[in-house]
Amino acid sequence: MKGHLQEIDELVDEWVPEPLAAPLTPREQADLAAIPVIIGPTGPKPKLASGKTVVNLATYNFTGLAGNETIKERVIDTVRKYGLGSCGPPGFYGTQDVHIQLEQDIADFLGTEASIIYAQAFSTISSVIPAFCKRGDIIVADRGVNFAIQKGLQISRCTIRWFDHNDMKSLEQVLQSTEKEWRKKKGPLTRRFIVTEGVFDHDGAMSDLPKLVELKLKYKYRLILDESVSFGSVGRTGRGLTELYNVPASQVDMLVGSLANGLTACGGFCAGSHIVVNHQRINGTAFVFSAAMPPSLAVAASEGINILRSTPSILSTLQDNVRAVRAVLDKVDCITIPSHPASPMIHLNVRLPSPTHLLPVASPSLASSSGKPSNPLSVHPRDPEVFDVELEERLLQDIVEEALVQGVMLTRSKRLRGQELTEVRPSIRLNLTAALTRKDCEKAAAVIKAAFIKVVSKRK
Amino acid sequence: MAIKSASPTPSIFKKKSYPAMNTAASYLSAVSEADARARAHGGTPNSTPALSLSSSVTTSSEDTVLHEIFTTVHTEFGHCGNEDYRYTSHYNPAHPVKGVTEQDPPYYILLTTYISYILVIIFGHIRDFFGKRFKHSSYRHLLAHDGYAALNSDFDSFYTRRLKLRIDDCFSHPVTGVPGRTIVLLDRYSPNYNKTFLPTGTRTRAMNLSSYNYLGFAQGKGACTEAVVESVNRYGVSACGSRLEGGTLDLHMQAESLVARFIGMEDALISSMGFATNSTIIPALVSKGCLVISDELNHASIRFGVRLSGANVRVFKHNDMQALESLLREVISQGQPKTHRPWKKILLIVEGLYSMEGTLVALPQIIELKKKYKFYLFIDEAHSIGALGPHGRGVCDYYGINPRSVDILMGTFTKSFGAAGGYISGNKVLVDRLRVYGHTGPYAEAMSPPILTQIIASMASIMGITLPEKSSSSRSLIRNTEGPIPGVEYEQYPGKAPVSALPPWMLTPSTMVDGSEGLTRLRRLAFNTRYLNRGLRKLGFITYGHDDSPIVPLLLFNPGKMAVFSRLMRTRATPIVIVVVAYPATPLVTSRVRFCLSASHTKEDIDTLLAACDEIGDLLDLKQAAGERWPLHEIITRAVELVNMEEVP
Ligand SMILES: Cc1ncc(COP(=O)(O)O)c(C=O)c1O
């Protein structure tokens, strides 16, 4: 016995843990140092620490509500009446009348029975998914879903089947094969969900919502749709995909969106039926175990909805700007744009002319339909895109810096490489805004075009 | 059975909303009138009564004005002029912190508790059985229909439907206004046994013992609010993106450096949600091949983050240092499961102050173990930061331990600072890595400017501010200087905030500069905390937790008593709102009520609370603790003595 104790002591003495955190590599450090710091308010033309005023195509301000005077006024009123923090989770006296109002406003705006708000957009869907999807349930998900959804899927521990990115044919095949599999096993009826995005964070592609709804009804799945990008940015008044395609929002079982992106407030929401919403009030982890959103920011979001509702010109200005920028960038040789023409989030990939291993890449849906379908059990498609991450990221960073010199603030899409389930093609992500004029946008697009051409040609 | 379905007992204590003061001038004149009145009545009052004033019938118009002063100012933060009602939160090594000191209630209480659960469960199942057959429509969501499986299985939701529903009037009660010393409830009733609630349209102002407002920074007035208002004017409400993608403002940098200074660490990062601080950053700390050792009562956000990280997890008994040590010996000697390779890292995650138990982490012992077993230490200070220690710097400050002997100090701004979001602090290498590898940096929205300002202002008022030698003129000059400024001690801990660390436009009143405002808050909270903890015990209640914990759980055991306790408190002449918690947040038999104290409460508020508990405690047969008891009036008159005793016999 004594010998045993001694042995343990020796093992304890011998054990040498790895350092808690390895220092960043020089590249990572340089990237971190290159992140712009805005002095004063952000908006369409913020001032940077360098003293320079730039055109901002990096951050989310689709509707141009950042800095809106009406919102500011209402927020200040609310701060004077409510203070800043809510000082408690919603279950314990943290639910204030303004939260209830915001939930009602979102539901009315979208046309659902109810909605529930979370304090951070990123943490919304990763709680919504596991609130409903449990071990043994089936989720059919798009291969290109964003990181927050990936985390929700991971927590849920469901059986997951993957369909090719934004490919409705592939989705139907997977639904069929899953059905067959289930029949063969003669298992009990389980909950089944389709999880995908409205406008994809990874590349700006847009889902075909009517088709999604048709398939989910046909195969009796529930649809969880992440509209974090599309809410407040597409549709006539910014209601998102349901408005754009004229699909009643009640057809989407759980419609998740961001109040931070579309309304420049903070937090996220899930809209749906009373049952769906009330279930989350007890089972949505990030809802139950976190303080309610500051009341003044809830008011900011409510006021944002108000403004969108009464000012359809915001969204038409935004679309004009999108068209203006696309008109310039669509025809540039060294740029590929995977984004939908109506998406105000525009991803720009570099297209390199020569080396054969980096051929201009066909869209993934083409690649998969050419051969056999991908394996639905694996997140990786059958014919994945081939690209050189390191090279492209370096070029894109050079382009970002070149554009900044010319007075346009851009950003690469920052990805946790190695943690994302699939390798995402490096891109520069433009977020257009209704707060800029068409002229500003055209000028900025010209700067971007010149920067791409300059950096890519220098490389040759 | 004690569980009764909620009847809409309308509060006898109704309040209309009062029109706001129109102008600053009328406000000022009202204040001076109030002063004159007080002088006329001889002497200034020591403190403001919580609610008796507002319930009294007003006779003259001046009284109405007076009334408004009290309802608008002191409803948020009570006035307490008596310097005896202060205490300094600190550790006394002569009385080491024990783990949970569990006191078992008499046998019959346990028995009836179990019986009530069993009855509720049996009845619930019987109702489910018949309901599903005869009342199809209301069970639709629990049953498979049209080829869809039920959205939530009836097994999963049984607890919610059959137990929680009965006492749902105690949860998610809508409120309005500042969650300060008092809170305004929007009254509601349920026409259908708590399935849905409808507003009655009336409001009730109640004394607030439910909000996490330890230092009383939940305010719609005062220096912090003015700073927040100014920041909205200047910055608007959003940073419009994630930190790594263009959403970084100068305010983020200022707030992060101030937080690091406050905590006493080299660097800190801020995340826009407290929950997400854990759930999205722990995965960047540990991964496969690492082991997380976690206290069994750790918060859901920690468990969420650990699960995402892919690391192995082992759990030890709450705050039990012996269990921890033997677990450490086991895991280090055994290595990873199956392969028996040594662990890459071992991370111990504990909380500073446990929000359901009121227990304090046994930090001195953990630091000893850390030296021997070489694990890394992560402390979640969500509830302890600001609320503990002579300088409000959390558990390290409380125990007098150098914060840098802990690897990672995490905390939230939702509680003591009246803001939102959370931070992680540690050495610069670590924090920079988390900026890049945490999920927050690239994906989550950055914290919004008014929240950052609330954090900066409240922290500065706790810390006090070092002004440069030559005042205002050199202020802007100094802000532009890089590197240390001569005459300002940077590494001092716990030190003041240099004015250069604050936004130049922020107004800093003198009570903020000299730190007296913050200090008063800390000392009032510490007094209230010890007074209530000890007062309840002297009344004979079974409470959990440490005497210096501002969260005070009082044990009820029987689930039926939760609802009754909550309702009795809420419908008193001076309504009081409290939080009741039960399974699954606590073990099945230890349902409890939880008081969250605040610096905004006055001593008289605590007296009122003790009197209410005394009465209800007798009614519900709750006074089951062993030990010496004092009658209520003795507790109230000997409060100062009680608080200052080294240990209560
Ligand atoms: C220990 C602990 N960590 C984290 C959190 C989450 O903080 P927040 O409410 O700011 O999201 C809480 C809050 O309840 C907590 O108690």
Side-chain angles (χ1 to χ4, degrees), chain A residues 8 11-12 15 17-18 20-21 23-24 28 35-39 41-42 58-61 66-67 72 75-76 79-85 87-88 90-93 95-97 100 119-123 147 151 189-191 220 260 264 266 275 279 282 285-286 289-291 294 300 411 414, chain B residues 141 144 147-149 152 160 171-172 174-179 210-213 218-220 228-229 232 235-241 244-250 272-273 275-276 300 308 329 332-333 342 344-345 374 376 407 414 418-420 429-430 432-433 436 442-445 448 454 579:
Chain A
I8 293 182
L11 285 167
V12 165
W15 180 59
E18 285 181 6
L20 182 57
L24 294 175
E28 289 168 333
I35 285 163
V37 177
I38 293 168
I39 305 292
T42 187
T59 61
Y60 297 99
N61 182 21
K72 279 190 192 175
V75 165
I76 289 174
V79 168
R80 294 216 186 273
K81 277 195 206 114
Y82 292 77
L84 190 79
C87 293
F92 299 157
Y93 300 93
T95 305
Q96 288 162 316
D97 47 358
I100 299 172
Q120 187 189 59
F122 178 77
S123 295
F147 193 73
K151 293 295 121 185
L189 184 63
T190 57
R191 285 175 286 252
K220 301 200 184 298
T264 66
C266 79
I275 287 173
H279 182 71
I282 301 149
T285 320
F289 295 101
S290 180
T411 181
K414 299 286 167 83
Chain B
H141 63 291
Y148 289 89
N152 42 354
T160 319
F171 299 105
S172 305
V175 298
T176 185
V178 173
S210 63
S211 295
Y212 301 134
N213 174 32
Q219 283 176 299
V228 169
V229 165
V232 175
Y235 284 82
V237 292
S238 176
C240 294
L244 298 187
E245 295 179 332
T248 301
L249 306 176
D250 49 357
S272 54
M273 183 190 195
F275 182 96
L308 286 180
R329 294 176 70 81
I332 296 177
S333 61
K344 289 189 196 158
K345 312 172 213 174
K374 295 171 282 193
Y376 297 110
D407 301 283
T414 26
V429 169
L430 171 81
D432 270 348
R433 188 168 189 83
V436 175
Y443 300 112
E445 73 237 35
S448 78
Q454 171 79 16
V579 166

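Just so we're on the same page: letters track the sequence lines, and every chain starts at 1.
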Asker: How close do B:Lys374 and A:Trp15 get, heavy atom to heavy atom, and via which atoms?
Answerer: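 The answer is NZ-O, 2.5 Å.
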Asker: Specify the closest pair of heavy atoms between A:Leu20 and B:Lys345, including all atoms of both residues, with the distance to one decimal.
Answerer: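 Answer, listing the atom of A:Leu20 first, then B:Lys345: O-NZ, 3.0 Å.
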Asker: What part of B:Ser448 is in contact with chain A, defined as an atom under 4.5 angstrom from a non-hydrogen atom: side chain, backbone, both or neither?
Answerer: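 Just the side chain, heavy atoms under 4.5 Å.
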Asker: Residues two or more places apart in sequence or in another chain: which of them pass ring pair (Phe, Tyr, Trp, His ring centres under 6.0 Å) with A:Phe289?
Answerer: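 Result, ring pair (Phe, Tyr, Trp, His ring centres under 6.0 Å) vs A:Phe289: B:His299.
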Asker: At their closest point, which heavy atom of B:Pro179 faces which heavy atom of A:Gly85, and how far apart are they?
Answerer: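 In this case the closest contact between B:Pro179 and A:Gly85 is CG-O, 3.9 Å.
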Asker: Report which part of B:Val228 has an atom under 4.5 Å of a heavy atom belonging to chain A: side chain, backbone, both, or neither.
Answerer: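 Interface part for B:Val228: side chain.
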Asker: Salt bridge (charged side-chain N to carboxylate O under 4.0 Å, His left out) with B:Arg433: which residues, sequence neighbours excluded?
Answerer: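 Listed in chain order: nothing, the list is empty.
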Asker: Has A:Gln96 got a side-chain atom pairing as donor or acceptor with B:Gly177's backbone, closer than 3.5 angstrom?
Answerer: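 Yes.
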Asker: Tell me which of these, A:Tyr93, A:Phe122, A:Tyr60, has more heavy-atom pairs under 4.5 Å with chain B than the rest.
Answerer: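 Of A:Tyr93, A:Phe122, A:Tyr60, A:Tyr93 has the most heavy-atom pairs under 4.5 Å with chain B.
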Asker: Tell me, for B:Glu245 versus chain A, whether the close heavy atoms (under 4.5 Å) come from the side chain, the backbone, both or neither.
Answerer: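 Interface part for B:Glu245: both.
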Asker: Determine the minimum heavy-atom distance between A:Cys87 and B:Asn213, stating which atoms define it.
Answerer: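 Reported closest heavy-atom pair: SG-CB, 4.2 Å.
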Asker: Does any non-hydrogen side-chain atom of A:Tyr82 lie less than 4.5 Å from one of B:Thr176?
Answerer: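 Side-chain contact under 4.5 Å: yes.
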Asker: Do the side chains of B:Pro174 and A:Asp97 get nearer than 4.5 Å, heavy atoms only?
Answerer: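 No, side chains not in contact.
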Asker: For the interface with chain B, which of A:Ala58, A:Gly91, A:Ser290 has the highest count of heavy-atom pairs at distances below 4.5 Å?
Answerer: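 Ranked by heavy-atom pairs under 4.5 Å with chain B, first place is A:Gly91.
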Asker: Would a distance-only check, ignoring hydrogens and angles, find a side-chain to backbone donor-acceptor pair under 3.5 Å from A:Lys220 to B:Tyr148?
Answerer: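 Side chain of A:Lys220 to backbone of B:Tyr148, a donor-acceptor pair under 3.5 Å: no, none is there.
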Asker: What is the minimum heavy-atom distance between B:Ile332 and A:Leu11, and which atoms define it?
Answerer: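 So the minimum-distance heavy-atom pair works out to CG2-O, 4.1 Å.
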Asker: Report the relative orientation of the aromatic rings in B:Tyr443 and A:Phe147; use parallel for angles under 30°, tilted for 30 to 60°, perpendicular for over 60°.
Answerer: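 The arrangement is parallel - the two ring planes meet at less than 30°.
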Asker: Tell me, side chain or backbone of B:Ala239 under 4.5 Å from chain A's heavy atoms, or both, or neither?
Answerer: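 Backbone of B:Ala239 only, per the 4.5 Å heavy-atom cut-off to chain A.
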